[in-house]
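Presented below is the structure to which this report refers.
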Number of protein chains: 2
Amino acid sequence: MVDGITRADITGAALVLLTNGGLHALAMRRIAAELDVQQSALYWHFDNKQQLLAAVADLVVARVEATNARKWQNRILGLGSRLRDELLRYPDGAELVATAIAFRLGAGRPHQLFTAELTRAGMGDDDARVAASVFVHFVVGYTTDEQQHHQAAELGAIDRLDVATGRFDQGLRLIVAGAEAQIATLDAT
Amino acid sequence: MVDGITRADITGAALVLLTNGGLHALAMRRIAAELDVQQSALYWHFDNKQQLLAAVADLVVARVEATNARKWQNRILGLGSRLRDELLRYPDGAELVATAIAFRLGAGRPHQLFTAELTRAGMGDDDARVAASVFVHFVVGYTTDEQQHHQAAELGAIDRLDVATGRFDQGLRLIVAGAEAQIATLDAT
DNA sequence: ACCTGAACACCGTTCAAGT
DNA sequence: ACCTGAACACCGTTCAAGT
């Protein structure tokens with residue numbers, strides 16, 4: 001007989017359901033059905049649904065990676081748009097990651113990547129972490145809005161299509177300018 | 001006999017429930033029970049729960065107001081911490097507002113207030129709106145994390161207490177620096 | 001115009017019991 | 001160690017019918 005179910009099986013099945021039906025489809029019963037298992041079986045592998053969703057959020061941000069641009073400003077911009085792209089790959093991807101981050105349960109990867117870039121740019125560890133959280137909050141928050149609004153429009157709940165595109169880069173550049181100013185005052189000391 | 005129930009009655013009762021039990025207590029059945037009404041009665045006043053929650057989110061941010069500091073930088077900082085304070089007044093206040101903003105269903109007040117300050121500071125309407133969204137995403141995102149984490153710690157789900165306090169102002173100042181830089185380049189033109 | 005009563009189609013979580 | 005079966009305590013939404 002075959003082995004039992006693993007955590008990877010569960011999060012994998014959940015990711016498939018997320019892809020096809022969004023957060024709405026991520027019900028314990030549905031995930032269990034996808035694996036031909038009783039819903040209570042999932043609770044042997046995860047304490048609760050929130051922990052399971054956090055593990056799925058980790059998968060969503062797993063492919064976010066640093067770029068190899070020469071200027072740190074461009075690496076930050078690349079990281080931001082790469083993160084946005086990955087969140088947009090799945091319906092409700094941004095909201096899922098936002099919740100996981102809020103509960104400190106997963107999806108720490110974006111924050112780590114931004115922090116690394118900012119320390120390389122010359123910031124102290126502490127300042128880099130603060131700046132990284134500004135970037136992450138903006139990217140995840142902006143993308144959540146964008147995705148939510150886009151999905152609502154598809155359902156016909158909203159008709160006017162916002163001209164929100166392009167505004168993402170503008171916002172990122174504003175924060176980069178703030179980081180530049182802070183690094184400049186550090187160098188002046 | 002007394003008149004029927006109004007939308008204000010409903011959002012008022014919901015705000016009481018939010019205060020006492022957080023987002024978890026904001027169930028249609030519970031709100032209806034608070035008003036001695038059947039749950040289906042609420043659907044005559046609101047299309048769905050999401051619309052109702054958006055109206056409650058409007059109440060949460062209703063008392064956010066501009067400060068009268070002389071420098072626009074300080075007015076922005078004051079607006080940010082004032083918004084955070086109001087979100088922290090209710091359990092899950094930040095998450096409620098974040099969701100309403102994402103669905104473009106309410107809580108537009110913070111964005112309007114930030115935009116107004118930034119145009120007064122010398123930004124164009126378009127740039128001011130983008131910068132305002134950076135501020136709002138940071139304040140709401142940061143406060144959601146903070147509140148979520150705080151509530152999890154109260155339930156014993158998390159033991160270590162993050163040293164996140166003070167980081168809020170640092171983050172706000174970083175964005176202000178970015179706005180300053182942008183206004184400076186405008187003035188130079 | 002405004003609300004009731006009742007149903008429909010779902011949820012997350014627990015827990016004794018099985019193998 | 002890993003899962004079943006069944007229950008518990010909930011949800012949001014709809015809709016005919018009442019007044």
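Each chain gets a letter, A, B and so on, in the order its sequence line appears, and its residues count up from 1. Everything numeric here is computed off the predicted structure, so don't read it as measured data.
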Sequence neighbours excluded, the answer for salt bridge (Lys or Arg N to Asp or Glu O under 4.0 Å) partners of Arg173(B) is none
* Thr119(A) side chain to Ala116(A) main-chain N or O, any donor-acceptor pair under 3.5 Å? -> yes
Salt bridge (Lys or Arg N to Asp or Glu O under 4.0 Å) filter on Asp126(B), not counting sequence neighbours, yields Arg167(A), Arg129(B)
In short, side chain to side chain donor-acceptor pair (under 3.5 Å) pairs touching residues 68-83 of chain A with sequence neighbours left out are Gln73(A)-Glu180(A), Arg75(A)-Glu117(A), Arg82(A)-Glu86(A)
Stems of at least 3 consecutive Watson-Crick or G-U wobble pairs (donor-acceptor distances under 3.5 Å) involving DNA chain C, listed by first number, are C:4-8 with D:12-16, C:12-16 with D:4-8
Between Ala179(B) and Leu118(B), the two heavy atoms sitting closest are CB-CD2, 4.3 Å
message: Please check this pair: side chain of His137(A) against backbone of Ser133(A), looking for a donor-acceptor N/O pair closer than 3.5 Å.
response: yes
Residues in residues 5-21 of chain A with a heavy atom under 4.0 Å of DNA chain C, by number, are none
Contacts of Asp58(A) meeting side-chain hydrogen bond (donor to acceptor under 3.5 Å, both in side chains) (sequence neighbours excluded), chain-then-number -> none
*Given the P atoms of dC10(D) and dA9(C), what is the spacing between them in whole Å?*
22 Å
inquiry  = Please say yes or no: joined through hydrophobic side-chain contacts below 4.5 Å, possibly via intermediate residues, are Phe135(A) and Phe168(B) part of one cluster?
reply    = yes
Could you tell me whether the side chain of Glu95(A) and the main chain of Ala102(B) form a donor-acceptor pair under 3.5 Å? no
So the salt bridge (Lys or Arg N to Asp or Glu O under 4.0 Å) pairs with at least one residue in residues 33-51 of chain A (sequence neighbours excluded) are none
Please list, one pair per line, the donor and acceptor atoms closer than 3.5 Å that link side chains of residues 12-32 of chain A to other protein atoms, with sequence neighbours excluded.
unit_1	atom_1	unit_2	atom_2	d
Thr19(A)	OG1	Leu15(A)	O	2.7
Asn20(A)	ND2	Val16(A)	O	3.3

### Message
Checking the side chain of Thr11(A) only, and the main-chain atoms of Ala8(A) only, is there a donor and an acceptor separated by less than 3.5 Å?
### Response
yes
Across all chains, not counting sequence neighbours, the salt bridge (Lys or Arg N to Asp or Glu O under 4.0 Å) partners of Asp9(A) are none
Here the pair of heavy atoms bringing Gly171(B) nearest to Phe138(B) is CA-CZ, 3.7 Å
The first and last nucleotides of DNA chain D lying within contact of chain B, meaning any atom under 4.0 Å from one of its heavy atoms, run from dC11(D) to dC15(D)
Short question: side chain of Gln51(B), backbone of His45(B) - any donor-acceptor pair under 3.5 Å?
no
Per the under-4.0 Å heavy-atom filter, residues of residues 28-36 of chain B near DNA chain C come out as none
Note: contacts of residues 39-58 of chain A with DNA chain D (heavy atom, under 4.0 Å) are Gln39(A), Ser40(A), Ala41(A), Trp44(A), His45(A)
